[in-house]
Amino acid sequence: MIITYKEEEGESIVEENNKKKIQWSVFIPAFLVIGGAAIMGLINNTLLSKASHTIFTWALTNFGWLYQIVAITCLVLAAVFAFSKLGKIRFGGKNAKAKHSFGAWFAMTLAGGIGTGSITYGVNEVMIYFGNIYGELDKTGIMAGTEEAGFFGMGRVLYNWTFIPYAIYSLVGVAISYMYFNKKEELSVTSSLIPLFGERVKRGAWRTIVDTLSIIAIALGLASSMGGGLALIGTGLNTVYGIKQGPVVWFGLFGVIMVTFSISALKGIDKGLKWLAKGTTYIFYALLIFLFVAGPTVYILNMMNAGMGHWLDNFWTWGLDPYIVNGEALVTWWTLYDWSSWIAYAPLMGIFFALLAYGRTIRQFMIVNWILPSTFNVVWFSVWSGTGLKWQNEGVVDIVAAIKENGAVSGLWAFLQQVPISVIIIPLVIITLIAAFSTTVNSMSTTIAAVCTKGARADQEAAGWLKILWGVSIGLIAVIMVAFAGGAQGVDGVKYLAGCGGFVVLPVFVLQIISLFKMFFIDKVVEDVEETDAIEEAEATVKVEALKEAVVTE
C-alpha cells in the first residue's frame, strides 16, 4: 500500500493508491513461530511446556538484573516526560485535533492493556504472599499470616501493578507516536529506532527481525494473559457453580471469547473496540465503587497507606534485587515475571497507544497512559486486596485455603461468594472478564495486523481476516497451556509464555529506550518545544492585549 500524507487545515489527508498488501517478510516468520507453537501444543503439549519452561527459567535467572535496571530506568524517564518541558510537545503538530474524548481514550488504555490482570490478581496475589503459599516469604524473615505479612503483601502488589508497568508501556508509546505523527515515519516498531540507527533500520533484515520479534513477543504475552483469564473463569465456574474444570470447559470459554473478539474486531476501533472498552471500564468502576462502600472502608484506606509506606520503604531493595535477597519464589515467579510480561507487550502496545494519541501533548499522553491507570490500580488493589486481608483475618472466608486447594487464581471466587448480592456480582464479574479479555485480544491483534500490513497508518484499519487469524492462533496457544501445563500454581504454563515473550523482545525494548533518550536528550527536539513555547507566548500576549483593551473601553 503506497500512501501519501499531507497536512491541510490541520487535518490529515490520506490517499490510498493501491489496495492493502501484507508485509510477508514479517507475517510469514512470525506466524510460523506462533502457528507452529499452536500445532506443537496440539500434537505434543509436553514438548511445548518443557521448551517454554527452559527458556523462562534460564532467561529470568540470568537476566533478572537487567529487567530490574530497565524497570527503574523507565520509571524515572516517565516522570521526566510527564513533568518537564518536553510534555508540551503535541503529537501531530500545533494544529492537530484529538479524535477521542479523554473518557474513551482512558477506557481503551485501561481495558486494552493490563486491566484484565487487575481482576485476576486483585485478591489472589496479596493472599499468596500473606499465606506464603509457594514460599514467597521464605527468605524475607516475615511469618505467614501476620500483620507484617499483610503490609508486605500490600506493598508488593502496589509495586508490581502500578507505576512501573505503565511507565514501560508509555515510553515506547511516546517514541512511536512522535516518530509517526511529528517526523512522518511509518507506524512501526522500527521507526522508534531511527534516531539510534538511521534510516537503514527500516529496510531489509533489520525491519524483518525487529517487527517479527515484536510480534512473537506480544503473541506470547497475550497468550499468557488470556490463559490466565481462562484459568480464572474456569475456577470460578467450578467453585461457584460446580462445573468441573477441564479441556472441554476451557475450549468452550475460548470459543466464547473468540466470537466476542471477532465481532468487535470486524467492527473496527471506533465501532468495536471503543464500545467494548467503554462498557468493560464502566463495569470496572461499578465493581470498585460497590466493594469500597460495601467492604471495610476505613480498613481499606488504612491498608492503602500502609502498603504504600511499605512499598516506598523497600523501593530500592525490591527494585534492584534479581532474587538474591528475597528469594526466587517471590522475585522470579512474581516481580520478574511481571516485568517480562510488560516488556513482551511494550513494543506493540506502543503502537496501540499511538493509534489513539493524535492531537494530544506528551503530558496528556503520560497522564492518560501512565498516571491515571497507575493511580486506578493503586485504588483497585487497595480495595480488593485490603478487603481480602480483612475478611481472611476475621475468619469471614479462608482465601488462603482456597488457593492452596484450587490454584493461584481461585481465591477470587471464594472471596466473591462473601460479597453482598454475590448472586449478581459473580456472573457480572464473569461477563466482565470475558469482555475484558476480548478487548485485550482485539487491541493487540489489531496492532499485530497493522505491523503485518505495508504502509499501516493510524487512520486506517488492517484487514479483518488478519486480526482474526492472529487472535485465534494466540488464543489456541493459551488454551493449550492452561489445559495441559497448569503446574503447581495452575497457571505455570502461561507464566512460561510471558517470560519467553519478554526475553525474545528484551533487546529490542532496550534499544527503543536508548533511542528515545537519544532523540529527546541528545539530539534535543528543540524545534517542537520552541514552537509550543512560541504559541503559548503568542496566545498569552493576545489575552493580555484583549484585557488591556477591555479596561480602556470601560
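Hydrogens, waters and symmetry mates are skipped; everything else that's a heavy atom, side chains included, is used.
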Backbone N/O of Gly92 and side chain of Asn182: donor-acceptor pair under 3.5 Å: yes

Short side-chain to backbone donor-acceptor contact, Lys518 and Leu196, under 3.5 Å: no

Any Ile218 side-chain heavy atom under 4.5 Å of Pro347 side chain: no

Euclidean distance, Arg90 CZ relative to Arg363 CZ, rounded to 0.5 Å: 11.5 Å

Working for ring-ring contact (aromatic ring centres under 6.0 Å, His included), residues Trp384 and Phe415: CA-CA 9 Å; Trp384 287 77; Phe415 168 84; 5.8 Å; yes

Spacing of Trp380 atom CH2 and Thr375 atom OG1 [to the nearest 0.5 Å]: 15.5 Å

Closest heavy-atom pair and its distance - Met127, Val123: CG-O, 3.2 Å

Backbone of Gly350 reached by a side-chain donor or acceptor of Tyr345 within 3.5 Å: no

Leu60 side chain near Trp333 side chain, heavy-atom distance below 4.5 Å: no

Mutual orientation of the aromatic rings belonging to Phe56 and Tyr496 [parallel < 30°, tilted 30-60°, perpendicular > 60°]: tilted

Heavy-atom closest pair, residues Cys452 and Val26: SG-CG1, 4.5 Å

Stepwise side-chain contact (heavy atoms from CB on, under 4.5 Å) test for Val157 and Tyr121: CA-CA 9 Å; Val157 296; Tyr121 290 107; over 6 Å; no

4.5 Å side-chain heavy-atom contact, Ile176 and Met179: no

Geometric class of the Phe151/His310 ring pair [parallel <30°, tilted 30-60°, perpendicular >60°]: tilted

Note, Asp338 side chain near Trp161 side chain (heavy atom, < 4.5 Å): yes

Steps toward side-chain contact (heavy atoms from CB on, under 4.5 Å) verdict (Phe292, Leu301): CA-CA 9 Å; Phe292 179 75; Leu301 295 172; 4.0 Å; yes

Nearest atoms (heavy-atom pairs only) where Val409 meets Leu232: O-CD1, 3.0 Å

Side-chain (Ser382) to main-chain (Val378) donor-acceptor, under 3.5 angstrom: yes

Short side-chain to backbone donor-acceptor contact, Thr447 and Ile351, under 3.5 Å: no

Thr361 and Ile89, any side-chain heavy atoms less than 4.5 Å apart: no

Met366 vs Ile371 side-chain heavy atoms within contact, under 4.5 Å: no

Aromatic centroids of Tyr337 and Trp334 separated by under 6.0 Å: no

Ser177 side-chain N/O to Ala357 backbone N/O, donor-acceptor pair under 3.5 Å: no

CG on Leu330 to OG1 on Thr332, rounded to 0.5 Å: 9.0 Å

Non-hydrogen atoms of Ala96 and Phe91 that approach each other most closely: CB-O, 3.5 Å

Check: Trp470 side chain, Ile448 main-chain N or O, donor-acceptor pair, under 3.5 Å: no

Residue pairs passing the side chain to side chain donor-acceptor pair (under 3.5 Å) test where at least one lies in residues 312-328, sequence neighbours excluded: Asp321-Asn326

Distance, nearest 0.5 Å, that separates CG of Asn377 from OG of Ser118: 3.5 Å

Check: Phe163 and Leu158 side chains under 4.5 Å, non-hydrogen atoms: no

Working for side-chain contact (heavy atoms from CB on, under 4.5 Å), residues Ser191 and Tyr180: CA-CA 8 Å; Ser191 69; Tyr180 175 63; 5.6 Å; no

N/O donor-acceptor pair under 3.5 Å between Ser374 side chain and Thr162 backbone: yes

Trace of the ring-ring contact (aromatic ring centres under 6.0 Å, His included) decision for Phe81 with Trp370: CA-CA 11 Å; Phe81 277 100; Trp370 178 50; over 10 Å; no

Exam field: side chain Arg360 to backbone Phe365, donor-acceptor pair closer than 3.5 Å: no

Other residues, nucleotides, ligands: >12 heavy atoms within 6.0 Å of Phe197 CZ: yes

Heavy-atom side-chain contact between Tyr166 and Leu372 under 4.5 Å: no

Residues that Arg156 engages under side-chain hydrogen bond (donor to acceptor under 3.5 Å, both in side chains), provided they are two or more places apart: Thr335

Matching residue for Phe520 among Ile362, Val80, Leu77 - test: side chain to side chain contact (heavy atoms under 4.5 Å, CB included): Ile362

Main-chain N/O of Ala30 paired to Thr212 side chain as donor or acceptor, under 3.5 Å: no

OH on Tyr129 to CG on Leu137, rounded to 0.5 Å: 9.5 Å

Geometric class of the Tyr169/Phe353 ring pair [parallel <30°, tilted 30-60°, perpendicular >60°]: perpendicular

Residue pair Ala498 / Ala344: nearest heavy atoms and the distance that separates them: O-CB, 4.3 Å

Leu412 vs Thr120, side-chain contact (heavy atoms from CB on, under 4.5 Å): CA-CA, chis, key distance, verdict: CA-CA 8 Å; Leu412 173 66; Thr120 304; over 6 Å; no

Rounded distance [0.5 Å steps], OG1 in Thr297 versus CG in Leu291: 9.0 Å

Non-hydrogen atoms of Gly122 and Phe381 that approach each other most closely: CA-CE2, 3.7 Å

Set of side chain to side chain contact (heavy atoms under 4.5 Å, CB included) partners for Arg207, sequence neighbours left out: Gln23, Glu186, Ser188, Thr190, Asp211

